[in-house]
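As a basis for the values below, the full set of heavy atoms in this structure was taken, side chains included, without hydrogen atoms, waters or symmetry mates.
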Amino acid sequence: MSTADKAAELRRLHTDPELLVVVNVWDAITATTVANTPGTKALATASHGIAASRGYPDGEVIPRDEMIAEVGLIARQTELPVTADLEAGYGDPGGTIARAIDVGIAGANLEDQLKPLPEAVAAVEAAVAAAEKAGVPFALNARTDAWVRGGDRDPQVILDDAIERGRAYLEAGATSFFVPGRLSEETIEALVAALGERTVNVIGVPGMPGTRRLAELGVARCSFGPWSQNVALTALAQLAEDAYAGGGLPAGTRKLN
């Protein structure tokens, strides 16, 4: 499929009655492994995971050229749609989205870093305009850091801020609204009620409802961010610990590469 076809499919998956579950990947082999797992419909990259695998801390420290090269490599491993975590756009949201499309990316996260609302909306508009110029129905997942950077703000204030931002980003052309953080069912219900079913995306973190319950709550998509990498690293650390203690490979290990 062309990038435009993949983008159209990714948008459709967000509105499908079934919850879209994407397990985040960070390099070619993790992309291939997840893509070949039955049930996978799309891939998502994790900026934290990509940065860590290349020796950088999270937070747009990795040069944009390296990030684009890595997400492009991931996109080349599969015919499935790939959505990339492009942080806040590296100071150039429109240009970053254009470059991502050029390497085969069908959708992206774009975070607001809790910047003033007009500035955050302008970033969404720039990303949408870049996709339109490329002729690609790009699946833009506008992210708010309302909870991630919420600090000690009153929970109701955080919720109200998130809803205001979500409405503004969707009106500016975003496909969906991403709200990372450990959210209660009541908070998710409030977000879905305010913004619409199959519009709100969340991240699976410890303490969050499982994917079955998220589907019942009307969530569009669940991703796992850096947690998928932490699952893999936990298995690696446990192998080392067991081997040092006189053991060996754990039972059930599959040869996947």
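- Judged by distance alone, the side chain of Thr144 and the main-chain N or O of Val179 form no donor-acceptor pair under 3.5 Å.
- Leu20 forms part of a hydrophobic cluster together with Leu10, Leu13, Val22, judged by ILVMFWY side-chain heavy-atom separations under 4.5 Å.
- Nearest heavy atoms, Ala84 versus Val71: CB-CG1, 3.9 Å.
- Here the straight-line distance linking atom CG of Leu214 with atom CD1 of Ile188 works out to 5.5 Å at 0.5 Å rounding.
- Summarising the geometry, atom NZ belonging to Lys115 is positioned 8.5 Å from atom CZ belonging to Arg149; distances are rounded to the nearest 0.5 Å.
- With hydrogens and angles ignored, the 3.5 Å screen pairs a side-chain donor or acceptor of Asn24 with a backbone N or O of Phe224.
- In this structure, the side chains of Leu159 and Gln156 come closer than 4.5 Å at one or more pairs of heavy atoms.
- Here the side chain of Ser47 pairs no donor or acceptor atom with the backbone of Glu87 at under 3.5 angstrom.
- No salt bridge links Lys41 with Asp16; every basic N to acidic carboxylate O contact stays at or beyond 4.0 Å.
- Panel note: side chain Glu60, backbone Tyr90; a donor-acceptor pair is recorded below 3.5 Å.
- The closest donor-acceptor contact from the side chain of Thr78 to the backbone of Ile74 lies at 3.5 Å or more, if one exists at all.
- Gln229 places a side-chain N or O within 3.5 Å of a backbone atom of Gly49 that can act as its donor or acceptor partner.
- No donor-acceptor distance shorter than 3.5 angstrom exists from the side chain of Thr40 to the backbone of Ala42, with no hydrogens or angles considered.
- For Asp27 (side chain) and Thr30 (main-chain N/O), a donor-acceptor pair under 3.5 Å exists by modelled atom type.
- Going from atom CD of Glu119 over to atom CG of Leu114 covers 11.5 Å, rounded to the nearest 0.5 Å.
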Under 3.5 Å, side-chain donor or acceptor atoms of residues 240-257 against the rest of the protein: list the pairs with distances, not counting sequence neighbours.
| from | atom 1 | to | atom 2 | distance (Å) |
| --- | --- | --- | --- | --- |
| Thr253 | OG1 | Pro250 | O | 2.7 |
| Lys255 | NZ | Asn257 | O | 2.5 |

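- Heavy-atom minimum distance, Pro17 versus Arg198: O-NH2, 2.6 Å.
- Under the 4.0 Å criterion applied to side-chain N and carboxylate O atoms, Glu9 and Arg12 are assigned as salt-bridge partners.
- A distance-only check finds no donor-acceptor pair linking the side chain of Gln113 to the backbone of Asp145 [under 3.5 Å].
- There is a side-chain donor-acceptor pair under 3.5 Å between Thr175 and Arg11.
- One N or O on the side chain of Asn36 and one on the backbone of Thr32 form a donor-acceptor pair closer than 3.5 Å.
- Tested against Arg221, the residues Ile203, Asn201, Val21 include a single side-chain contact (heavy atoms from CB on, under 4.5 Å) partner, Asn201.
- In the model, Ser176 has a side-chain atom that pairs as donor or acceptor with a side-chain atom of Asn141 under 3.5 Å.
- Surrounding CD of Glu189 are more than 12 heavy atoms belonging to other residues, nucleotides or ligands, all under 6.0 Å away.
- A distance of 7.5 Å separates CD1 of Ile68 from CD1 of Ile105, quoted to the nearest 0.5 Å.
- Using a 4.0 Å cut-off between charged side-chain N and carboxylate O, Asp112 and Arg143 make no salt bridge.
- With a 6.0 Å radius and a threshold of 12 heavy atoms from other residues, nucleotides or ligands, Arg182 has its CZ atom at or below the threshold.
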